[in-house]
A.B. asks: 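Take a look at the following structure, please.
It should be emphasised that the depicted structure is a prediction, and the values quoted were computed from it without experimental measurement.
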Amino acid sequence: MLAGALSLLLGVIGIVVPLLPTTPFVLLAAACFSRGSARWERWLLAHRQFGPIVRDWREHRAVPLRAKQFATVMMVFGSAFAAWRLPMLNWLPALCCSIVALWLWRLPTRQAAASIAPVSEWRAMDRQSGAGGAGSSHSGNSDSD
């Protein structure tokens, strides 16, 4: 329970301090709460900000691409700021952030689910229904990834 609370605290601090990544600490807190307190685990899973991170990790064992990108950018800015402001050991934050970034990018990436059909599917539906008009003819190029 104590390890989960400490991890969650570090994750919350990581929201405003670029050198502390939020996602790994929230995931660690969830793992600790799953063993120490069902009530705190339920609270974390139902949380508006942290719940989706934990649920996505548990369901897919993957971190969303946007979370990886945001964490990396924030760690780069934080490391650059620390290198500029710290009088001694100004390379240490960059080393720690590099290790965390390496770990984070080695995890599987979860692509965001599309909430609407891609344009190529719209065109196919238009062709089938005949509602496309002159501007919606399909040139054979695929717009999908």
Side-chain angles (χ1 to χ4, degrees), residues 1-127 132-133 135-145:
M1 178 71 183
L2 181 62
L6 180 61
S7 297
L8 185 59
L9 177 64
L10 288 172
V12 169
I13 292 171
I15 293 171
V16 294
V17 177
L19 293 175
L20 286 175
T22 299
T23 302
F25 286 117
V26 171
L27 294 177
L28 180 59
C32 292
F33 289 150
S34 72
R35 290 171 180 80
S37 171
R39 187 181 87 171
W40 277 91
E41 181 186 24
R42 281 191 308 273
W43 174 82
L44 189 59
L45 288 170
H47 193 274
R48 184 175 55 98
Q49 290 293 116
F50 303 135
I53 295 170
V54 176
R55 290 189 306 268
D56 201 37
W57 173 255
R58 288 184 176 179
E59 290 173 16
H60 305 286
R61 286 289 191 242
V63 177
L65 179 61
R66 300 266 306 158
K68 287 182 177 186
Q69 292 169 335
F70 184 73
T72 301
V73 167
M74 294 305 289
M75 286 188 287
V76 167
F77 283 129
S79 295
F81 181 75
W84 174 59
R85 294 295 295 169
L86 290 177
M88 296 176 50
L89 299 175
N90 57 359
W91 52 270
L92 188 58
L95 176 65
C96 294
C97 287
S98 296
I99 292 168
V100 170
L102 179 65
W103 170 79
L104 185 63
W105 283 97
R106 290 180 55 103
L107 293 173
T109 301
R110 172 111 168 107
Q111 299 297 333
S115 59
I116 59 173
V119 174
S120 59
E121 290 181 28
W122 294 350
R123 289 179 180 160
M125 288 186 281
D126 284 348
R127 279 195 315 272
S136 67
S137 64
H138 188 59
S139 64
N141 294 333
S142 175
D143 290 331
S144 63
D145 293 319

A.B. asks: Going from OG on Ser79 to CG on Leu86, what distance comes out if it is rounded to the nearest 0.5 angstrom?
C.D. replies: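 That separation rounds to 10.0 Å.
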A.B. asks: Quick one: which of His47, Arg39, Glu41 gives a side chain to side chain contact (heavy atoms under 4.5 Å, CB included) with Trp43?
C.D. replies: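 Exactly one pass, corresponding to His47.
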A.B. asks: Can you measure from CG (Leu102) to CG (Leu107) and round to the nearest 0.5 angstrom?
C.D. replies: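 If I round to the nearest 0.5 Å, the distance is 10.0 Å.
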A.B. asks: Does atom CZ of Arg35 have more than 12 heavy-atom neighbours from other groups under 6.0 Å away?
C.D. replies: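 Counting neighbours around CZ of Arg35, 12 or fewer heavy atoms of other residues, nucleotides or ligands fall under 6.0 Å, so no.
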A.B. asks: Let me confirm one number: the CZ-CE distance from Phe70 to Met75, rounded to the nearest 0.5 Å.
C.D. replies: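 Interatomic distance, Phe70 CZ to Met75 CE, rounded to 0.5 Å: 11.0 Å.
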A.B. asks: Could you give the distance from OG1 (Thr22) to CD1 (Ile53), rounded to the nearest 0.5 Å?
C.D. replies: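 Those atoms lie 7.0 Å apart.
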A.B. asks: If you compare all heavy atoms of Arg110 against all heavy atoms of Asp56, which two are closest, and at what distance to 0.1 Å?
C.D. replies: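 Closest heavy-atom pair between Arg110 and Asp56: NE-OD1, 2.9 Å.
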A.B. asks: Rounded at 0.5 Å granularity, tell me how far OG1 in Thr72 sits from CZ in Phe77.
C.D. replies: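 The distance works out to 12.0 Å.
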A.B. asks: State, yes or no, whether a side-chain contact exists between Phe25 and Ile13 at a heavy-atom distance under 4.5 Å.
C.D. replies: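 In short, these two side chains do not touch, never coming nearer than 4.5 Å.
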A.B. asks: Can you measure from OG (Ser7) to CG (Leu2) and round to the nearest 0.5 angstrom?
C.D. replies: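 Ser7 OG to Leu2 CG: 9.0 Å, rounded to 0.5 Å.
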A.B. asks: Determine whether a donor-acceptor pair (N or O, by modelled atom type, separation under 3.5 Å) exists between the side chain of Ser37 and the backbone of Phe33.
C.D. replies: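 Side chain of Ser37 to backbone of Phe33: no pair is present.
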A.B. asks: For Leu89 and Trp91, run side chain to side chain contact (heavy atoms under 4.5 Å, CB included): C-alpha distance rounded to whole Å, both residues' side-chain angles, the deciding distance at 0.1 Å, then the answer.
C.D. replies: CA-CA 5 Å; Leu89 299 175; Trp91 52 270; 3.7 Å; yes
A.B. asks: Side chains of Trp57 and Val26: does their closest heavy-atom pair fall under 4.5 Å?
C.D. replies: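 Trp57 vs Val26: side chains apart.
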A.B. asks: So do Ser34 and Arg58 actually touch side chain to side chain, heavy atoms under 4.5 Å?
C.D. replies: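 Arg58 reaches Ser34 side chain to side chain.
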A.B. asks: Check Ala82 against Asn90 and note the closest heavy-atom contact, atom names and distance.
C.D. replies: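 Result for this residue pair: O-CB, 4.0 Å.
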